[in-house]
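So the structure is just underneath, and the comments pick up after that.
In the text below, chain A, chain B and the rest are named by the order of the sequence lines, each starting its count at 1.
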Amino acid sequence: MRKLLSLGQSRQIRPLDRAFFNRDPRRVARELLGKVLVRKRDSGQMNPARRVARIVEVEAYMGAEDPAAHAAAGNTARTAVLFGPPGHAYVYFIYGNHYCLNVSCQPEGRAGSVLIRALEPLSGIEAMAGARGIEIHGAKDLTKLTSGPGRLAQAFGITRARDNGCDLSSGAGSLWIGEDEYRASGIRRTPRIGITKATDKALRYMLAGNAFVSGRKMVG
DNA sequence: TTATGGATTAGCT
DNA sequence: GCTAATCCATAAA
């Protein structure tokens, strides 16, 4: 049986600064692989432990020139965060059931974002399972926690009401993105998943061979 | 005011 | 592999 926690434990985590996100979404997407998403200890939860998981799959979405991007509809109440300052959470509700998490990129006034599609849990696994409403009976069940954009949002308690528009840089908020000693390798690109427009563009980025990548994986 | 469709998931065949 | 579930934001009227 292959080891699932291939990306190791996370030690000290330092927040990414706003400048990290103030770039082309394709660059931000690639560099987000291997970084970690952190949900601070939440005393309101049944299991309040801090949740940490490594980013293993993302997709880049551009501005008006990308017909698959929500930003292509223009700056509306829904998409305002995409046009705001970089490093902020764009959370949307989809298919009547699921929330998805993006990070805004580019300077204020220019749209662009990165969709977080899959994570590898590092700590707070019981809290994630509790938020998902499932039980973990073995290593094989771990992928049910954070493999897929809707699943990871639920595992981290991410909702539009709670997190849309919040700052993910600086580490000041409840939800933030940071880095530790890990350095990503084996990055692959494929077309994006689940969209009907601009399906030819290879804007999905993943860590090759990682068991937590959603949908079709790529072998290392 | 109403109609439409979607950056998904779980469960079943 | 196939499909129902489910509801918000948008656009049309």
Side-chain angles (χ1 to χ4, degrees), chain A residues 21 24-26 28-30 32-33 37 53 55-84 86 88-106 111-121 128-138 140-165 168 175 177 188-207 211-218:
Chain A
F21 301 98
D24 187 296
R26 290 164 292 200
V28 177
R30 168 173 288 263
L32 273 178
L33 291 175
L37 180 68
I55 298 170
V56 301
E57 179 190 353
V58 296
E59 284 176 358
Y61 286 86
M62 315 300 285
E65 75 278 17
D66 181 2
H70 290 182
N75 190 341
T76 67
R78 183 197 192 193
T79 61
V81 176
L82 295 173
F83 293 84
H88 288 248
Y90 169 62
V91 180
Y92 66 90
F93 188 74
I94 191 70
Y95 296 127
N97 287 298
H98 312 288
Y99 290 98
C100 294
L101 172 67
N102 290 244
V103 199
S104 63
C105 302
Q106 309 270 43
S113 68
V114 174
L115 169 69
I116 312 296
R117 285 197 55 91
L119 305 170
E120 175 162 340
M128 295 180 201
R132 291 269 295 126
I134 62 176
E135 290 185 12
I136 302 300
H137 292 113
K140 68 180 193 320
D141 287 344
L142 287 175
T143 58
K144 295 177 184 171
L145 290 177
T146 53
S147 180
R151 286 170 168 175
L152 73 88
Q154 189 180 23
F156 274 67
I158 294 167
T159 65
R160 183 175 164 84
R162 183 180 184 188
D163 299 299
N164 190 50
L168 298 179
L175 188 69
I177 297 175
R188 299 298 157 86
R189 284 199 310 161
T190 76
R192 293 173 292 188
I193 290 185
I195 57 172
T196 55
K197 300 169 187 168
T199 53
D200 57 318
K201 297 186 178 359
L203 294 178
R204 172 175 176 243
Y205 301 77
M206 72 185 85
L207 295 182
F212 292 84
V213 170
S214 69
R216 283 191 62 183
K217 301 165 180 45
M218 275 197 149

Next item on the list: For residues A:L82 and A:S113, report the shortest heavy-atom separation together with the two atoms involved.
Entry: CD2-CB, 3.5 Å
Notebook entry, point to check: Between A:E59 and A:V114, is there a donor-acceptor pair closer than 3.5 Å when you use the side chain of the first and the backbone of the second?
Noted result: no
Note to self: Any strand counts, and the cut-off is 3.5 Å on both contacts for Watson-Crick or G-U wobble. Which nucleotide pairs with B:dA7?
What the structure shows: none
Checklist line | Verdict with supporting geometry, A:H70 and A:Y92, ring-ring contact (aromatic ring centres under 6.0 Å, His included) | finding: CA-CA 10 Å; A:H70 290 182; A:Y92 66 90; 4.6 Å; yes
Next item on the list: For residues A:L142 and A:P121, report the shortest heavy-atom separation together with the two atoms involved.
Entry: O-CG, 4.4 Å
Next item on the list: Kindly give the heavy-atom pair with the smallest separation between A:L115 and A:Y61, and that separation in Å.
Entry: CB-CE1, 4.0 Å
Item checked: Residues A:E120 and A:T146: side-chain donor-acceptor under 3.5 angstrom -> no
Checklist line | A:R192, CZ atom: more than 12 neighbouring heavy atoms under 6.0 Å | finding: yes
I'd like a table of atom pairs between the protein and nucleotides 9-13 of chain C - only N or O on both sides, under 3.5 Å - with the distance next to each one.
from	atom 1	to	atom 2	distance (Å)
C:dA9	OP1	A:R160	NE	3.0
C:dT10	OP1	A:T76	OG1	2.3
C:dT10	OP1	A:R78	N	3.1

Next item on the list: Name the pairing partner of C:dT6, where a pair is Watson-Crick or G-U wobble with both distances under 3.5 Å, or state none.
Entry: none
Check: Which nucleotides of nucleotides 8-13 of chain B have their base under 4.0 Å from a protein heavy atom (B), which only their sugar-phosphate (S), and which neither (-), written as one string 5' to 3'?
Finding: BSS---
Notebook entry, point to check: Any donor and acceptor pair, going by atom type alone, linking the side chain of A:R160 with main-chain N or O of A:V91 inside 3.5 Å?
Noted result: yes
